[in-house]
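Each chain gets a letter, A, B and so on, in the order its sequence line appears, and its residues count up from 1. Values reported hereafter were calculated over all heavy atoms of this structure, with side chains retained and with hydrogens, waters and symmetry mates removed.
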Amino acid sequence: MSPRWLSRPRYFLRTAWSGLRESPVTGGISVVTIALCLLLVGSFALLVANMERILDRFGEEFRVSAYLEDNLTDADLARLRERVAAAPGVERVDLVTKEAALERFRASHIGRAALLDGMEDNPLPASLELVLAPEHRNADALERLAEAVDGFPGIAEFGYGADWVSGYHGAVALVRGVAMAIGAVLVLATLLIVTNTIRLAVYARRDEVSILRLVGGSRTFIAIPYLLEGAAQGLVGGLVGLALLFALFHLALPVFAGSLELLLGYVSPSFLEPRACAGLVAVGAGLGVLGSAAALGQGRLGE
Amino acid sequence: MSPRWLSRPRYFLRTAWSGLRESPVTGGISVVTIALCLLLVGSFALLVANMERILDRFGEEFRVSAYLEDNLTDADLARLRERVAAAPGVERVDLVTKEAALERFRASHIGRAALLDGMEDNPLPASLELVLAPEHRNADALERLAEAVDGFPGIAEFGYGADWVSGYHGAVALVRGVAMAIGAVLVLATLLIVTNTIRLAVYARRDEVSILRLVGGSRTFIAIPYLLEGAAQGLVGGLVGLALLFALFHLALPVFAGSLELLLGYVSPSFLEPRACAGLVAVGAGLGVLGSAAALGQGRLGE
Amino acid sequence: MKHLGVEPAHAGAGALVRLFHVSKSYLAGTWALRDVSLELGKGEFVFLTGPSGAGKTTLMRMIFADEQPSEGQIIVLGRNVSRLSPSAVPALRRRIGVVFQDFKLLSRRTVEENVGLALDVVGTPARERRARVFAMLKRVGLQHRRYHHPLSLSGGEQQRLAIARALVNDPEVLLADEPTGNLDPDLTLEIMDLIADAAARGTAVFVATHDHGLIERYGRRVVRLEGGELAEDTPIRRPLL
Amino acid sequence: MKHLGVEPAHAGAGALVRLFHVSKSYLAGTWALRDVSLELGKGEFVFLTGPSGAGKTTLMRMIFADEQPSEGQIIVLGRNVSRLSPSAVPALRRRIGVVFQDFKLLSRRTVEENVGLALDVVGTPARERRARVFAMLKRVGLQHRRYHHPLSLSGGEQQRLAIARALVNDPEVLLADEPTGNLDPDLTLEIMDLIADAAARGTAVFVATHDHGLIERYGRRVVRLEGGELAEDTPIRRPLL
Ligand SMILES: Nc1ncnc2c1ncn2[C@@H]1O[C@H](COP(=O)(O)OP(=O)(O)OP(=O)(O)O)[C@@H](O)[C@H]1O
Ligand SMILES: Nc1ncnc2c1ncn2[C@@H]1O[C@H](COP(=O)(O)OP(=O)(O)OP(=O)(O)O)[C@@H](O)[C@H]1O
Ligand SMILES: [Mg+2]
Ligand SMILES: [Mg+2]
C-alpha cells in the first residue's frame with residue numbers, strides 16, 4: 001500500500017525549502033554549529049594525519065647497524081648486503097663506509113672531544129645500516145632480526161639502541177593512544193552537540209509538528225521535510241566547516257613553516273585527502289538528518 | 001530611580017527556577033552542550049598542561065659539555081665548577097668523571113663497536129655537564145655561554161649539539177604554536193556553540209518573551225530570570241563537564257601508564273589544578289549568561 | 001426546553017459518529033465528560049452548546065482521537081477510536097475536518113499553504129489542489145490574502161482560514177469548535193451557510209457555539225452539555241427564517 | 001444609525017486616549033486604518049465594532065504601542081505614543097490592561113502566575129499580590145484552577161484568565177479585544193459587569209465586539225469602523241434593561 005503522497009517529491013522539497021527560508025534564526029544556528037563541530041573534528045583529523053607522517057619520518061631514523069669486518073672484498077660486501085636485505089623486516093640497507101663513520105663521529109657530540117685526534121689510523125669500522133619496515137619497529141622484531149643476521153659471515157657485531165627502540169615504540173603508542181582517546185571524545189561530543197542543536201531547532205517549531213499531526217499528517221509525511229531540512233543544513237554546515245578548515249590550515253601553515261622545516265626536513269604538512277573532505281561533508285549531512293530524526297522521535301515534542 | 005521590583009529577588013529566583021523545571025528538554029540540551037564543550041576545552045587544557053611538563057622534562061636533557069683537561073686537582077675542579085655555575089643561564093652543573101664517560105660510551109650506540117676494546121688507557125676526558133635554565137635553551141644563549149666559559153682555565157673543549165639545540169627549540173615552538181592555534185579555534189568554537197545553543201533554547205520560548213513585553217515587563221524584568229536560568233544551566237553544565245573530564249582522565253591514565261613511564265620516567269601526568277577547575281565551571285556559568293543575553297538581545301526574537 | 005431521551009434523527013447503524021457511555025477525566029476525581037451517549041448520522045447538523053467548561057471541546061477532541069475516553073467507546077467512521085493504533089490515527093483524521101477553537105494555523109506557511117495542507121496530507125495532485133484551494137479561499141473571502149502569513153491576518157480572517165482548511169477536503173465529519181466567535185453577524189451567516197452546505201452534501205457536522213441567535217435561526221438538532229453531562233438533545237426543528 | 005461628527009461624551013483635555021487623524025498601513029497601498037480621530041475619557045466605556053478586518057485590533061495595538069501609526073498622532077495617558085522611546089514603552093503598558101483576541105497566556109506558568117504577572121511587573125509586595133490575585137480569580141470563577149496551566153483550561157476559561165490578568169492591576173485604560181467570544185451568555189454578562197465596574201471606578205474602557213446583543217443591552221457609546229474608516233460614533237444611551 002504505497003501512499004499517494006510518496007509520488008509527490010515536490011511537496012517535500014517545497015516544504016523543506018520554505019522551512020529553511022522561514023526559519024533563518026534556527027536554521028542559521030544549526031548550520032553554524034555543524035560547521036564549527038566539523039571544523040574541530042577536521043582540525044583534529046588533520047593534526048593526526050600529519051602527526052602520523054611525522055612519526056613515520058622519525059621511524060626512518062630507526063636503524064640497526066651491522067658492523068663489518070675490515071677485510072671484506074666488494075663481492076663479499078655485495079653478497080652480504082643482499083642477504084641482509086632479505087632478512088625479515090628489513091626495508092632498506094645503507095652502507096656506511098669507514099670514512100663516513102669517522103665523519104659522523106667527528107660531528108657527533110662526544111666526538112667534539114679530541115678523542116681520536118692522536119690516532120693515524122681510522123679505528124672505526126664500516127657498517128650496514130638496516131632501515132626497518134614500520135611494522136617491525138619494535139623490540140621483538142629486532143631480536144628476531146638480530147638472531148637471523150648475527151651468524152652471517154662478515155658481520156663483526158650487531159648494534160642497536162634498545163632504549164631508543166622501546167622509546168620510539170612507546171612514543172608512537174602514546175601519541176596514537178592519546179589521539180584516539182581525544183578523537184573518540186571529540187567525535188562523541190560533536191555528535192551529541194549537533195544532534196542536540198538540531199533537536200532544539202526542531203523543538204522551537206514543535207507547534208508546527210503538533211498541528212501537522214492534528215490535520216492527519218502521517219509520521220513520514222511530517223518527518224520528510226524536516227529530514228530534508230536537516231540534511232541541507234548539515235550539507236551547508238559541512239561545506240562551511242571544510243572551507244574554514246582549509247582557510248585556517250593555509251593561514252597557520254606559514255607561521256609554523258620555519259619550525260616544521262627544521263624539525264622534519266622535507267616532510268611538509270598536507271591537507272586532508274579529497275575522500276576525507278567528502279567524508280567530512282557527508283558526516284555533516286548525516287548529523288543533520290540524525291538530529292532531525294531524534295527531535296521528531298521524542299514523542300509529541302511536548303515538554 | 002530604582003525600580004521597585006529590584007527589591008524583589010524572590011520573584012526572579014522563583015521564575016528562573018520554574019523556567020528550569022518547566023523546560024526540561026531545552027534546559028537539558030543546554031546543560032549537555034555546555035558540559036560537552038567544557039569537556040573538550042578541558043581535555044585540551046589538560047593535554048597542553050601535561051605536554052608543557054613533558055617538554056620541560058626533555059629540556060633537562062639540554063646539556064652542554066665542558067670537557068676537562070686531565071691534570072686538574074680536586075681544588076681546581078671545585079673552583080672551576082663554581083665559576084661555571086655562575087655563568088649566564090646555567091641552572092645546574094653535573095660532573096661526569098672519566099670512568100662515567102667510558103661507561104656511557106660503552107652503552108651508546110656507536111660504542112657497541114669494539115672501538116675502544118684494544119686500548120688499555122681510558123682516552124675519554126671527564127666533563128662538566130651544564131643544564132640550562134628553560135629560558136636559555138636556545139642557540140643564541142648557548143653561544144653567549146660558550147663565549148663566557150671558553151676561556152676558563154681547565155676547560156679543554158666546549159661541546160654541544162647545535163642540531164639538538166635548534167631541534168628542541170623548534171619542537172617546543174611548534175608544539176606551543178599548534179596548541180595555541182588549536183586552542184584558539186576550540187575556545188572560539190565552543191563559545192559560539194554554547195551561546196548559540198542557549199540562544200536557540202531561549203528562542204524556543206520566544207512567545208514567552210513577547211508576551212512579557214506586551215504586559216509591560218521592562219528589559220531587565222524580562223531578562224533577569226533568563227540570565228539566572230542560563231547561569232544555572234552553565235554552572236551545572238560546567239560541573240558535569242568537569243566530572244566527565246575527571247572520570248575520563250582516571251579511566252585513560254592506566255591505559256597509557258606503561259608508555260608514559262617508559263617515555264618520561266618519573267614525570268606522571270596530573271589533573272588540572274583546583275583553580276583551573278573552578279575557572280572551567282565559572283566559564284560554563286559565564287557562557288550560560290552570555291548565551292541568554294545574546295538571545296534576548298536579538299530584538300523581538302521574531303524570525 | 002429539556003428533551004432528554006428523545007431519539008436522535010439519524011440513529012442506528014448508518015451513524016458516522018457514535019458515543020457509548022463516554023466519560024473523560026483529566027484530573028483524578030473530576031469529570032470533564034460523564035456518561036455521554038450520542039449518535040451522529042450522515043448529513044446531520046448538530047449544535048453543541050453548554051456553558052464554558054461543559055466539555056464541548058473535550059467531546060470533539062475524543063472524536064478525532066486527540067484524547068482517549070476514560071470510559072466508554074467511541075466509534076467514528078466505523079473505527080473504534082480507543083482501540084486505534086497510533087499509526088491508524090492519521091488516516092482517520094484525514095477524513096475529519098476540524099475547526100479548532102484556537103485555530104491552530106501554521107504561522108510559517110502562507111494562507112494558501114495552510115489550506116492546501118488538508119489536501120497535501122491525502123496527496124491530491126497539484127493541479128486539483130490549486131483549484132480547490134483557490135475556490136475555498138474565495139468562499140471565505142480570503143483569496144486576496146493567499147500569499148500572506150496567518151500572523152498578518154485579523155482574528156476573523158484567521159478564523160475563516162481555519163474553516164477553509166477544515167472544509168477544503170470535503171470531510172465526512174466536520175467538527176467546528178466555536179467557528180464564528182470572531183466573526184461579525186454578516187460573515188457568521190455566510191460561514192454557517194457554508195457549513196450547512198457541507199451537511200447537505202452528506203457531511204456529519206458538529207458545531208460548538210455559545211450563540212443562541214444562531215441556534216434559533218438554524219433550528220437544527222441541539223445537544224447541550226452541562227458540567228460534562230448530556231443535559232439536552234433536542235431533535236431537528238424547521239428554521240424560524 | 002450613523003452619528004458621524006457627534007461630539008464624544010468626554011472630549012477635551014481630560015481624555016486619557018486621543019487619536020488625531022490616525023492612519024495605519026501594513027502593506028503599501030492598503031490601509032488597515034484611515035484617518036481615524038477619537039477621544040476616550042476617564043471612566044468612559046466604548047464598544048468598538050465593525051466587520052472582520054475593519055481595524056479594531058489594529059487600533060488597540062497602536063494604543064498600547066505595539067504598532068506605530070503610519071500617519072497621525074496618538075496620545076495615551078499624556079504620552080505621544082509615536083515619539084515614545086523603546087525604554088518608556090513598558091512603563092506605559094503597565095498602566096494599560098489588555099485582553100488579547102488570542103489571549104496570549106504564558107503556557108509554562110500557572111493560572112495564578114499568569115494573573116500575578118501584571119502585578120509582578122509593577123513590583124506589588126508579595127502579600128498584597130497574593131490577595132489581589134485570589135480575589136480576581138474568584139471574580140472570574142477560576143480560583144479552583146489557580147495551580148493549573150493554561151493549556152489545561154477550556155477556551156472560555158482561558159479567556160476569563162486573560163480578562164483577570166488585564167483587570168487585576170486596576171489599569172487606567174482597558175482594551176478588551178472580543179473578550180466574550182468564547183463565553184456563554186451568562187458568563188458574558190458577568191464578565192461585562194466586571195468591565196463596567198472598572199469603568200465606574202474610572203478606567204477608560206474599549207471593548208471590541210461583534211455581539212450586537214451586548215451592545216444593545218449596555219447602551220454605551222459605540223464606535224464603528226468599516227474598512228479602516230470611522231463609520232459611526234454614537235454617544236452613550238441609557239441601557240435598555
Ligand atoms: N501584521 C499585519 N500585517 C499585515 N496586515 C495586517 C496585519 N495585521 C492586520 N492586518 C490587516 O489589517 C486589517 C485590519 O486588521 P485588524 O486585525 O485590525 O482587524 P479587526 O477589526 O480586528 O478584525 P477582526 O474582527 O477579524 O479581528 C486586516 O485586513 C488585516 O488583514
Ligand atoms: N488538558 C486538560 N487537562 C486538564 N483539564 C482539562 C484539560 N482540557 C480541558 N480540561 C477541563 O475539562 C473541562 C471541560 O473542558 P472543555 O474544553 O471541554 O470545555 P468547553 O465546553 O469546550 O468550554 P469552552 O466553551 O470554555 O471552550 C474544563 O473544566 C477544563 O478545565
Ligand atoms: Mg471549548
Ligand atoms: Mg481583531
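The candidate from A/L244, A/L188, A/V32, A/I193 with the greatest count of non-hydrogen atom pairs under 4.5 Å with chain B is A/I193. Ranked by heavy-atom pairs under 4.5 Å with chain A, the list B/A252, B/A181, B/A204 is led by B/A204.
Minimum interatomic distance between B/V48 and B/A179 (heavy atoms only, all atoms of both residues): CG2-CB, 3.9 Å. The minimum heavy-atom distance linking B/I198 with B/G291 is given by the pair CG2-C, 3.5 Å.
Of the two parts of B/A201, the backbone and the side chain both hold a non-hydrogen atom closer than 4.5 Å to a non-hydrogen atom of chain A. If you measure heavy-atom distances from B/L47 to chain A, the contacts under 4.5 Å come from the side chain alone. Using a 4.5 Å cut-off between heavy atoms, B/L251 makes no contact with chain A at all. Of the atoms belonging to B/I182, it is side-chain heavy atoms, and not backbone ones, that fall under 4.5 Å from chain A.
A donor-acceptor distance shorter than 3.5 angstrom exists from the side chain of A/T195 to the backbone of A/L192, with no hydrogens or angles considered.
A salt bridge links B/E229 to B/R205: at least one charged side-chain nitrogen sits closer than 4.0 Å to a carboxylate oxygen.
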May I have the list of side-chain donor-acceptor pairs in residues 33-44 of chain A shorter than 3.5 Å, sequence neighbours left out?
from  : atom 1 : to    : atom 2 : distance (Å)
A/T33 : OG1    : A/I29 : O      : 2.8
A/S43 : OG     : A/L39 : O      : 2.7

